[in-house]
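Letters A, B, ... are given to chains in the order of the sequence lines, protein chains preceding strands, and every chain is numbered from 1. Everything numeric here is computed off the predicted structure, so don't read it as measured data.
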Amino acid sequence: MTFLSDLRWRGLVHQTTDDAGLEIWLEDKPRIVYAGFDPTADSLHVGHMLGLVVLRRFQKAGHKPIAVVGGATGMIGDPTGKSDERNLLSKEDLEKNVVGIAEQMRSFLDFDAGDCSAELVNNLDWTAQWTYLDFLRDVGKNFPVNVMLAKDSVKSRLGRGDDSSPGDGMSYTEFSYMLLQAFDFVHLYDKFGCEIQAGGSDQWGNITAGIDLARRMRSVQLVGMTWPLLTKGDGAKMGKTESGAVWLSAERTSPYQFYQYWFNADDVDVGDCLRMLTELDQEEISSLDDVRQSNAGQRDSQRRLAEELTKLVHGEEGLQSAERATQIFFGAEIADLNDKQLGQIFADVPAKEISRSRLSDGSLTVVDALVEAGLAKSKGDARRTVQQGGAYVNNRRIEEIDTALTEKNLASESVMVLRSGKKKYALLRFK
RNA sequence: GGGGGGUUACCGAAGCGGUCAAACGGGUCAGACUGUAAAUCUGAUGGCUCUGCCUUCGCAGGUUCGAAUCCUGCACCCCCCA
């Protein structure tokens, strides 16, 4: 099975500029491929993963990947798919973001692999040097405005201008975005011999713009391919939760939350995710498909997906801590842990400090503790929770209302884990 | 300006002198079931030093042994006639 046919099987190929010849072209010799990433935050999120795994697959197949962070284009704002003019990022923010993103890419790409080492470049480095006049003369000259106007990304913003389709308009700045990205491709061709650009399906217009530009400026035929946008069965974007994006940085989204996000994937989505995002082979993926068909409740697919992706992003250690946290959050009794481990597992859980003396004088009952920790809004509420069997200390159910908590109830040196119901946790730290 | 109706716990809505901490529905919380799904079922849902006590039914007074329920005034809302 060739590299491209595997990509196709995985559903990662949406459009290419050369459907017939691409397979042979890629098998012929190692190629240099690039994909761009918008540095809108100091961390990548799940929405970026598809691009990263595509580059990773190219690299594993022996090609050389170049990740371009859009330091320049990020300052302009890609109009694609946006209904509003975008806020421009400051130079300082961009620099900070680029640093953060670069670090995360290391878990996807090998930057020390000889001829096919990954490269990380910032398009600001070659864009910033242009003077306005030079750019207009050398690059702008090659862009027929009528062609630009025909691109979907522009058309949708301009509308037809009548009442039913007013369009919000776009600034000259955003209109120029396409030129910058197009020139990136030419530059990467010059500098690295990069011949193929990959991107999300929404990038098709920008990619072909680059190919056109290279033909005019360098008389070469470059190649483009897009992957489909990864959406959920209900049409929503992958990687969004009620509380916001799912990030790749452990600070923004803990490995546990990351793991849980994938573990909770819908049955209808999990197959696509396995194929597109993981590196499991076709045989394993189809056997997971079978299990899902016959015994969905087993959720092997979700478990494998969560394992693979957490390991990819957060490493073996991150996966272990996510799995440990999962066991604990879903009921395993808490024992033999220290403050530090608990702090990691319950990083997202509210905590309250309490005087240690209350443990020794027996003045702290379960009911008091639930109220102190904010798990009950009154003592009556707490009492009810206990009576109805919903109160836990270190995941052990407490049945008696007047149970007093002592040093023996500490889960670690100074922390006690309270829980109300199935999932609501709070920590008490005794100082 | 005149006439009528309303204001109840998180929300909607019963109650119209004692048995009212207040029906019922929704929500929320807990439990069971379950696939860490959906649905369903059960219980709880003012506070507390909890077989009892305290504070609630727009606000302030009053009648009564006793008021969410009756009376007076005030505030806000709705409707009808000018």
Task: U36(B) base stacked by F263(A) (centroids within less than 5.5 Å, tilt under 30°) - done: yes
Task: Rounded distance in Å between the P positions of A38(B) and G31(B) - done: 15 Å
- [ ] Check whether the side chain of D267(A) and the base of G35(B) form a donor-acceptor pair under 3.5 Å.
- [x] yes
Open item on the list: For A30(B), give the paired nucleotide (Watson-Crick: N1-N3 plus N6-O4 or O6-N4; G-U: N1-O2 and O6-N3; both under 3.5 Å), or none.
Closed with: U42(B)
Open item on the list: Among U45(B), U36(B), C48(B), which nucleotide has an atom closest to any side-chain atom of K423(A)?
Closed with: U36(B)
Task: Distance, rounded to the nearest Å, where L370(A) contributes CG and A30(B) contributes C1' - done: 12 Å
- [ ] Report the residue (G389(A) or G380(A)) whose heavy-atom-nearest nucleotide on RNA chain B is the more 5′ of the two.
- [x] G389(A)
TODO: Classify the nucleic acid contact of S420(A) as base, sugar-phosphate or nothing, counting any heavy atom under 4.0 Å across all strands shown.
DONE: sugar-phosphate
Task: Note: D110(A)-K60(A) ion pair, threshold 4.0 Å (strictly below) - done: no
TODO: Report the residue from W25(A), F192(A), Y34(A), F3(A) that forms a ring-ring contact (aromatic ring centres under 6.0 Å, His included) with H63(A).
DONE: F3(A)
- [ ] Taking atom C1' in both G2(B) and G62(B), compute the distance separating them and give it to the nearest angstrom.
- [x] 28 Å
Task: U63(B) - base-pair partner by Watson-Crick or wobble geometry, distances under 3.5 Å - done: none
TODO: Scan Q298(A) against the nucleic acid and name what it touches under 4.0 Å (heavy atoms): base, sugar-phosphate only, or nothing.
DONE: nothing
Open item on the list: Return whichever of Y256(A) or S378(A) has its heavy-atom-nearest nucleotide of RNA chain B closer to the 5' end.
Closed with: Y256(A)
- [ ] Output the single nucleotide from G43(B), U49(B), U36(B) whose closest atom is nearest the side chain of K379(A).
- [x] U49(B)
Task: Strand partner of G1(B), provided both Watson-Crick or wobble distances fall under 3.5 Å - done: C81(B)
- [ ] May I have the distance from R292(A) (atom CZ) to G35(B) (atom C1'), rounded to whole angstrom?
- [x] 13 Å
TODO: Using the C1' atoms only, state how far G6(B) lies from A68(B), rounded to an integer number of Å.
DONE: 15 Å
Task: Whole-angstrom distance between G15(B) and G61(B), as gauged at atom P - done: 28 Å
Task: Between P of C29(B) and NZ of K377(A), the distance in whole Å - done: 10 Å
Task: Separation of atom CZ in R299(A) from atom P in A37(B), rounded to whole Å - done: 7 Å
- [ ] Could you go through the side chain to side chain donor-acceptor pair (under 3.5 Å) check for D381(A) and S378(A) one step at a time?
- [x] CA-CA 5 Å; D381(A) 190 22; S378(A) 70; 5.3 Å; no
Open item on the list: Of the listed nucleotides (U36(B), C48(B), U34(B)), which one gets closest to any side-chain atom of K422(A)?
Closed with: U34(B)
TODO: Measure from the side-chain heavy atoms of R397(A) and tell me the nearest of G31(B), A30(B), G47(B).
DONE: G31(B)
Open item on the list: Say we look at U42(B) and C33(B): how far apart would their P atoms be, to the nearest angstrom?
Closed with: 15 Å
Open item on the list: Checking base pairs now: Watson-Crick or wobble, both atom distances under 3.5 Å. What partners A68(B)?
Closed with: none
Open item on the list: Within the 3.5 Å criterion, strictly below it, is a donor on R292(A) or S301(A) matched to an acceptor on the partner's side chain?
Closed with: yes
Open item on the list: At less than 3.5 Å, do the side-chain atoms of Q388(A) and the base atoms of G31(B) form a donor-acceptor pair?
Closed with: no
Open item on the list: With rounding to the closest Å, how many angstrom separate the C1' atoms on G27(B) and C76(B)?
Closed with: 27 Å
- [ ] Return the value, rounded to whole Å, for the distance between atom CG of N264(A) and atom P of U34(B).
- [x] 19 Å
Open item on the list: Could you measure the distance from the CD atom of E413(A) to the CG atom of L342(A)? Nearest 0.5 Å is fine.
Closed with: 8.5 Å
Open item on the list: Can you check the distance between C20(B) and G46(B), where both ends of the measurement are the P atom (answer in whole Å)?
Closed with: 15 Å
TODO: Report which part of the nucleic acid G390(A) touches: base, sugar-phosphate, or nothing (heavy-atom distance under 4.0 Å, all strands).
DONE: sugar-phosphate
Open item on the list: Side chain of A296(A) only, heavy atoms from C-beta on: which candidate in G35(B), U36(B), A44(B) is closest?
Closed with: G35(B)
Open item on the list: Under a 3.5 Å threshold, yes or no: a donor from one side chain and an acceptor from the other, between T365(A) and D368(A)?
Closed with: yes
Open item on the list: Less than 6.0 angstrom separating the ring centers of H187(A) and W126(A), yes or no?
Closed with: yes
Task: N/O (side chain, T385(A)) to phosphate O (OP1/OP2, C29(B)) under 4.0 Å - done: no
Open item on the list: Roughly how many Å apart are A22(B) and A13(B), using the C1' atom of each and rounding to a whole number?
Closed with: 13 Å
Open item on the list: Could you check whether atom OH of Y425(A) has more than 12 heavy atoms from other residues, nucleotides or ligands sitting under 6.0 Å from it?
Closed with: yes
Open item on the list: Whole angstroms only, please: what is the OH-P distance between Y425(A) and A30(B)?
Closed with: 12 Å
Task: Atom pair distance, as rounded to whole Å: OH in Y259(A) and C1' in U36(B) - done: 11 Å
Task: Length of the CD-P vector between Q293(A) and G35(B), whole Å - done: 17 Å
Open item on the list: Checking base pairs now: Watson-Crick or wobble, both atom distances under 3.5 Å. What partners A75(B)?
Closed with: U7(B)
Open item on the list: Please name the nucleotide paired to C57(B) by Watson-Crick or G-U wobble geometry with both distances under 3.5 Å, or report none.
Closed with: none
Open item on the list: Measuring to OP1 and OP2 of G47(B), would you say a side-chain N or O of R384(A) lies under 4.0 angstrom away?
Closed with: yes
Open item on the list: Using only modelled atom types and a 3.5 angstrom limit, is any donor from either the side chain of Q260(A) or the base of U36(B) paired with an acceptor on the other?
Closed with: yes
